[in-house]
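Okay, structure first, notes after.
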Amino acid sequence: MFSVVPVLLLWEAVGRLGVFVFVPPLTRVVTSAVVLAGRGTLWAEGLRTTGAILAGFGLAAAGGVVLGVLMARYPLADAAFGLYVDVFQTMPAAAMVPILVLLFGLGRTSIVATAFLFAFFVIAINVYAGVKQVDRRLLHMARSFGAGEWATVRRVILPASLPLALAGLRMGIGRAVNGAVLGEMLISSIGIGGLMMYYGGAFQADYLYALILLIVGLAAALMGVVHAVEKHTLRWMRSTESDYASQRLRRL
């Protein structure tokens with residue numbers, strides 16, 4: 001938190017001195033943010049953007065977890081999809097925007113699809129890595145007790161791969177924010193991305209920077225929620241493992 005203060009003070013100083021024409025003082029940006037907050041348009045467009053982010057992220061999380069587990073568990077699935085995951089992970093997702101427009105048109109579906117593409121592959125790769133690092137002894141023990149594939153995945157693989165999977169989800173929600181806003185800017189000029197295009201084109205830098213701060217705050221809030229879930233889940237797992245170890249020691 002304290003590391004941000006010098007940056008904010010420098011921003012205010014640079015804006016006051018007029019070193020850069022399109023860098024307004026921070027105080028003016030904050031004032032513009034308050035003005036925008038008083039307008040119903042910002043809330044309506046903000047809700048539209050948030051809805052697209054959550055829809056794209058939800059689909060990416062569900063699909064990424066399934067694909068990551070399949071690729072890690074079955075060599076045939078890894079051979080079939082691994083190359084495509086690697087290619088799309090390294091390729092700029094913005095390059096897919098024209099294709100999404102051709103497939104889904106200029107409406108909300110393309111925005112959700114853009115958020116999905118930005119988040120899907122990073123989630124799938126992290127889940128894949130998490131499943132791959134599961135201790136083989138746990139898998140052998142599950143088989144020795146007669147656990148089937150679904151029981152092994154549900155009771156052994158998913159809990160053991162949670163740390164990396166949750167880290168992938170945390171990165172995925174941040175990328176979904178980027179994807180949704182970029183899609184709004186490039187596809188249909190709606191939502192917060194559309195407002196950014198409008199104020200940028202009108203050279204109203206104070207409103208543009210206010211919207212950028214809003215996007216940063218939204219991304220930080222969503223990532224904070226996922227991070228809180230991650231910390232709670234991992235703490236619960238450690239507590240459960242500690243209780244189990246204590247019971248085993250008492251039995252000895």
Side-chain angles (χ1 to χ4, degrees), residues 49 51-105 108-136 138-139 142 148-187 193 219 222-223 225-227 229-230 233-234 237:
T49 300
I53 291 168
L54 295 178
F57 172 72
L59 293 172
V65 169
V66 171
L67 182 60
V69 172
L70 288 177
M71 288 173 53
R73 291 292 292 163
Y74 303 107
L76 182 60
D78 193 8
F81 300 108
L83 175 63
Y84 298 103
V85 171
D86 292 337
V87 169
F88 282 105
Q89 171 65 15
T90 56
M91 186 181 73
M96 294 293 296
V97 170
I99 298 176
L100 295 177
V101 172
L102 293 176
L103 292 174
F104 303 112
R108 174 184 171 83
T109 305
S110 292
I111 309 300
V112 174
T114 307
F116 169 84
L117 276 182
F118 268 69
F120 175 75
F121 297 104
V122 69
I123 294 174
I125 288 175
N126 275 268
V127 172
Y128 173 85
V131 174
K132 279 294 188 181
Q133 59 87 40
V134 173
D135 193 337
R136 295 297 171 186
L138 296 176
L139 301 178
E149 179 65 17
W150 169 240
T152 301
V153 170
R154 183 165 56 92
R155 295 182 177 275
V156 177
I157 292 176
L158 289 180
S161 61
L162 265 180
L164 276 175
L166 290 171
L169 292 175
R170 181 154 39 91
M171 290 187 288
I173 189 66
R175 290 179 61 86
V177 173
N178 293 337
V181 174
L182 180 65
E184 290 173 345
M185 294 175 68
L186 297 181
I187 295 174
L222 292 174
M223 292 179 70
V225 171
V226 177
H227 184 55
V229 172
E230 178 184 2
T233 303
L234 295 180
M237 286 180 59

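The analysis underlying the following values was restricted to heavy atoms, covering all of them including side chains, and did not include hydrogens, waters or symmetry mates. Numbers here simply count residues along the sequence, with the first being 1.
In this structure, the separation between CZ on Arg175 and CG on Leu117 is 10.0 Å, given to the nearest 0.5 Å. For the atom pair CG (Leu222) and CZ (Phe57), the distance works out to 9.0 Å, reported to the nearest 0.5 Å. Atom CG of Leu182 is separated from atom OG1 of Thr114 by 7.0 Å, given to the nearest 0.5 angstrom. To the nearest 0.5 Å, atoms CD1 (Ile99) and OG (Ser110) are separated by 12.0 Å. Note: Ile125 CD1 to Phe88 CZ = 12.5 Å, rounded to the nearest 0.5 Å. Between the CD1 atom in Ile173 and the CZ atom in Phe118 there is a gap of 13.5 Å [rounded to 0.5 Å].
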Determine all donor-acceptor pairs shorter than 3.5 Å in which one atom belongs to a side chain in residues 59-67; sequence neighbours excluded.
none

Can you give the donor-acceptor pairs under 3.5 Å from side chains of residues 158-171 to other protein atoms, not counting sequence neighbours?
| residue | atom | partner | partner atom | Å |
| --- | --- | --- | --- | --- |
| Ser161 | OG | Ile157 | O | 2.9 |
| Ser161 | OG | Leu158 | O | 3.2 |
| Arg170 | NE | Glu230 | OE1 | 2.8 |
| Arg170 | NH2 | Glu230 | OE1 | 3.1 |
| Arg170 | NH2 | Glu230 | OE2 | 3.3 |

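Listed here is the closest heavy atom pair of Phe121 and Tyr84: CE2-O, 4.5 Å. The two atoms that bring Arg73 and Pro75 nearest to each other are O-CD, 3.8 Å, heavy atoms only. When all heavy atoms of Ala115 and Gly56 are compared, the closest pair comes out as CB-CA, 4.1 Å. Scanning both residues, Ala180 and Ile111, for their nearest heavy atoms gives O-CG2, 3.6 Å.
The side chain to side chain donor-acceptor pair (under 3.5 Å) pairs that include a residue from residues 119-132 are Asp78-Tyr128, where partners are two or more places apart or lie in different chains.
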